[in-house]
Student: 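This is the structure I have questions about; it appears just below.
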Protein chains: 2
Amino acid sequence: MSGRGRVPSGQPTIADVARHAGVAVSTVSYVLSGKRAISELTRNRVLASIRLLGYHPNAGARALASRRANVIALVLPLRSGIQVPVVMQFATAVVTSARRHDHDVLLLTSDEGPAGLHRIAAGALVDGLLVMDVELHDGRVPLLRTLGRPSVLIGLPAESRGLTCVDLDFHRAGQVCVEHLVTHGHRRVALLGAPAAVYDRGTGFAHRTRAGVLAAAARHRVDAVALPCEENAAEVHRRVVDLFARHPDTTGLVVQNEAAVGPVQAALAALGRRIPHDVSVVAVCPDQFAEHASPRLTRVPVPAEDIGRQAVSLLMRKLGDEPTPEVTLLPPRLTVGDSTAAVATAG
Amino acid sequence: MSGRGRVPSGQPTIADVARHAGVAVSTVSYVLSGKRAISELTRNRVLASIRLLGYHPNAGARALASRRANVIALVLPLRSGIQVPVVMQFATAVVTSARRHDHDVLLLTSDEGPAGLHRIAAGALVDGLLVMDVELHDGRVPLLRTLGRPSVLIGLPAESRGLTCVDLDFHRAGQVCVEHLVTHGHRRVALLGAPAAVYDRGTGFAHRTRAGVLAAAARHRVDAVALPCEENAAEVHRRVVDLFARHPDTTGLVVQNEAAVGPVQAALAALGRRIPHDVSVVAVCPDQFAEHASPRLTRVPVPAEDIGRQAVSLLMRKLGDEPTPEVTLLPPRLTVGDSTAAVATAG
DNA sequence: ATCCGTCGTCGAAGCGCTTCGACACTCGGC
DNA sequence: GCCGAGTGTCGAAGCGCTTCGACGACGGAT
């Protein structure tokens with residue numbers, strides 16, 4: 001009496017398909033992978049059997065034999081102050097793009113620390129990693145180099161040699177905002193940026209935007225201040241009041257914090273400054289958000305979808321051992337809304 | 001001349017560990033799984049070798065041999081109008097809890113449709129599924145029954161027989177809000193709920209909250225209206241103005257839409273109605289959010305963390321073939337803030 | 001007719017792990 | 001001194017798939 005026999009899983013296996021189609025197991029495999037020529041006739045017979053039996057290849061077996069899990073990791077730190085909706089947009093773009101490349105996405109937060117990345121990578125649970133919310137001096141960067149698996153960063157650390165990074169060109173975005181304001185005659189502008197904690201830990205996009213704003217202001221010889229900006233209404237209110245107390249002649253605002261946009265508008269209203277008559281506002285934020293605000297904001301959208309797609313396709317290229325550029329910065333595009341106007345001619 | 005020899009992966013295998021420790025492969029396996037007794041001495045020797053070699057078990061091989069991937073799927077539809085931050089909170093709670101149970105999380109959006117769920121489940125990529133944003137008549141529910149893998153719903157469909165569901169008791173939450181207002185003497189209340197689209201597709205939590213609000217109002221014989229509520233400021237403003245035009249004697253507001261809270265406050269301010277002197281506001285939303293609003297809101301927090309943890313632990317129980325309750329509803333707790341007060345005695 | 005190159009298919013050897021039965025041992029009870 | 005019941009360890013058989021080499025069959029060139 002057989003003896004060992006573990007119970008069969010219930011799911012049909014490739015052997016079942018082969019038997020049903022009257023071909024060898026390897027033939028079924030080649031039909032599925034397309035790695036060898038198979039006659040039209042055989043292919044159709046096999047495909048019919050597959051459909052009939054409801055066959056789905058076993059992921060574990062496939063990963064084991066092919067040394068490819070067809071899964072990529074999405075590493076999301078989920079720190080305080082991150083812009084949740086933007087992150088979510090990235091995540092969905094990544095999942096969707098990955099599926100187009102026949103890969104699935106494993107979600108990793110960082111609270112397991114470096115050990116988590118090791119476990120995942122060394123255990124061959126994933127073929128490659130996508131790392132989000134990158135800091136200028138990110139501790140994960142050296143780690144990535146030791147993992148022995150391809151990775152792509154969404155964001156740009158200070159030192160990008162040997163890496164593959166994708167992001168919006170936030171430096172340029174900051175410049176573009178200021179230039180737009182300058183073109184409209186504004187001579188004193190302010191950046192209301194990310195929460196202080198985000199700058200403190202050296203998050204790339206915040207620093208780069210600030211640098212861009214300040215650089216453009218300097219070049220055009222306009223006065224500029226950059227302020228961090230928390231996300232709750234009371235804080236924002238205080239900031240704005242304070243800003244206009246110190247610099248009453250401020251007429252241009254760059255806001256890089258979608259959560260702060262509403263409160264900023266409210267605060268300006270409370271100060272009796274109208275948008276755009278008295279103060280022009282440019283936002284760096286997801287497009288949807290800016291579009292539904294009222295007035296419709298002049299903005300530099302963060303193209304989360306594009307970036308996510310790019311990131312995935314770069315990672316796929318690396319998985320296929322193709323060379324990839326170290327840094328891919330998407331050019332910012334400024335969309336004019338109703339929140340900016342020429343500066344009012346002095347009384 | 002070996003011949004076949006594929007290149008070795010580079011990662012040490014269990015065989016390497018066994019050789020290094022001078023034991024059999026199976027012994028290493030038992031040290032790792034604890035499924036058979038191993039002497040202290042041997043265990044330590046093996047563990048030392050593991051650490052020394054930097055061994056991590058290959059996930060695919062393990063999944064194949066044990067028929068357990070140690071991965072669960074998190075199914076997020078990501079439809080319009082979902083409350084992104086809440087969803088994100090769930091997601092991170094799920095990932096964290098899953099790790100505690102030695103599982104990883106595969107992120108699935110629904111844009112691949114039912115086929116995606118089949119692929120994942122039949123291919124044994126995951127051991128079980130966690131399904132979020134459940135509608136009253138969710139098309140995925142019958143599907144889940146056919147997958148042959150355990151699943152847990154975060155949310156509550158109309159028909160929950162044979163399922164396992166976890167959620168906040170939103171019906172009770174609605175009641176609690178109204179009761180709080182009634183206790184403070186309010187006689188006309190309104191619910192500003194989720195966006196219309198959310199009700200239209202029959203999302204459970206929105207309907208259940210509305211039902212709870214209306215039921216409590218009826219029982220306490222106070223007047224109540226329930227309005228859907230979009231997320232952009234202009235819409236909200238119109239709604240609120242309209243509400244008070246029709247029912248100027250409204251003094252209690254239940255808001256179940258964190259994105260709308262700010263605009264609601266602004267609209268009330270614009271109408272010259274102060275919180276809480278003229279109008280009391282109770283929010284159903286994540287705690288963090290309510291806590292940082294000003295005034296600090298009276299709220300029924302959505303305990304995303306708890307729910308996520310519960311969901312995972314129920315799923316783990318199902319994976320272990322233990323019985324689970326069909327419906328687990330967490331009791332709502334109302335936290336008093338500064339946005340509600342006794343109704344002003346009529347002038 | 002013969003030879004060679006292609007095409008389509010097959011069989012078998014793993015991939016790295018878990019798990020089952022077998023097989024020493026040791027130890028207490030009689 | 002022997003038996004039986006644990007203990008601790010080993011060997012081997014898969015898990016379901018991919019991939020490599022082999023090998024007929026066929027067709028065009030010689």
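Each chain gets a letter, A, B and so on, in the order the sequences are listed, and its residues count up from 1.
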Student: Between B/Arg19 (CZ) and D/dC10 (C1'), how many Å, whole number?
Tutor: 16 Å
Student: Base, sugar-phosphate or nothing for A/Val23? Non-hydrogen atoms, less than 4.0 Å.
Tutor: sugar-phosphate
Student: In this structure, how many angstroms lie between the C1' atom of D/dG8 and the CZ atom of B/Arg45, rounded?
Tutor: 12 Å
Student: Taking atom C1' of C/dC15 as reference, at what distance in whole Å does atom CD1 of B/Ile14 sit?
Tutor: 14 Å
Student: Can you list everything that forms a salt bridge (charged side-chain N to carboxylate O under 4.0 Å, His left out) with B/Glu305? Sequence neighbours excluded, please.
Tutor: none
Student: Find the distance A/Ile50:CD1 to D/dC17:P and express it as a whole number of Å.
Tutor: 10 Å
Student: Would you say B/Asp102 and B/Asn70 make side-chain contact, with heavy atoms under 4.5 Å?
Tutor: yes
Student: Let me have the donor-acceptor pairs involving side chains of residues 13-30 of chain A, under 3.5 Å, with sequence neighbours excluded, atom names and distances please.
Tutor:
{"from": "A/Thr13", "atom 1": "OG1", "to": "A/Ala15", "atom 2": "N", "distance (Å)": "3.1"}
{"from": "A/Thr13", "atom 1": "OG1", "to": "A/Asp16", "atom 2": "N", "distance (Å)": "3.4"}
{"from": "A/Asp16", "atom 1": "OD1", "to": "A/Arg19", "atom 2": "NH1", "distance (Å)": "3.2"}
{"from": "A/Asp16", "atom 1": "OD2", "to": "A/Thr13", "atom 2": "N", "distance (Å)": "2.8"}
{"from": "A/His20", "atom 1": "ND1", "to": "A/Ser49", "atom 2": "OG", "distance (Å)": "2.8"}

Student: For the pair made of CZ in B/Arg43 and P in D/dT7, what is the distance, rounded to whole Å?
Tutor: 14 Å
Student: For A/Arg68, check salt bridge (charged side-chain N to carboxylate O under 4.0 Å, His left out) against everything at least two apart and list the hits.
Tutor: A/Asp127
Student: From the options C/dT18, D/dG16, D/dG11, select the nucleotide whose nearest atom is closest to the side chain of B/Ala24.
Tutor: D/dG11
Student: Expressed in angstrom and rounded to an integer, what is the separation of A/Leu64 atom CG from C/dC15 atom C1'?
Tutor: 4 Å
Student: Contact list please: residues 26-41 of chain A against DNA chain D, heavy atoms, distance less than 4.0 Å, in numerical order.
Tutor: A/Ser26, A/Ser29, A/Tyr30, A/Lys35, A/Arg36
Student: Which residues within residues 55-62 of chain B lie with some heavy atom under 4.0 Å of an atom in DNA chain D?
Tutor: none
Student: Which residues satisfy the side chain to side chain donor-acceptor pair (under 3.5 Å) test with A/Glu326, sequence neighbours excluded?
Tutor: none
Student: Kindly write out the residues that satisfy side chain to side chain donor-acceptor pair (under 3.5 Å) with B/Thr42, not counting sequence neighbours, or none if the list is empty.
Tutor: B/Ser39
Student: Under the 3.5 angstrom rule, does the side chain of A/Arg317 hit a backbone N or O of A/Thr324 as a donor-acceptor pair?
Tutor: no
Student: Establish, with yes or no, whether the OP1 or OP2 oxygen of C/dC17 is under 4.0 angstrom from a side-chain nitrogen or oxygen of B/Arg67.
Tutor: no
Student: For the pair made of CG in B/Asp16 and P in C/dC15, what is the distance, rounded to whole Å?
Tutor: 11 Å
Student: Once ring pair (Phe, Tyr, Trp, His ring centres under 6.0 Å) is applied, do any residues pair with A/Phe205, and if so which ones, sequence neighbours excluded?
Tutor: A/Phe170
Student: Go through the structure and list residues passing salt bridge (charged side-chain N to carboxylate O under 4.0 Å, His left out) with A/Arg161, not counting sequence neighbours.
Tutor: A/Glu159
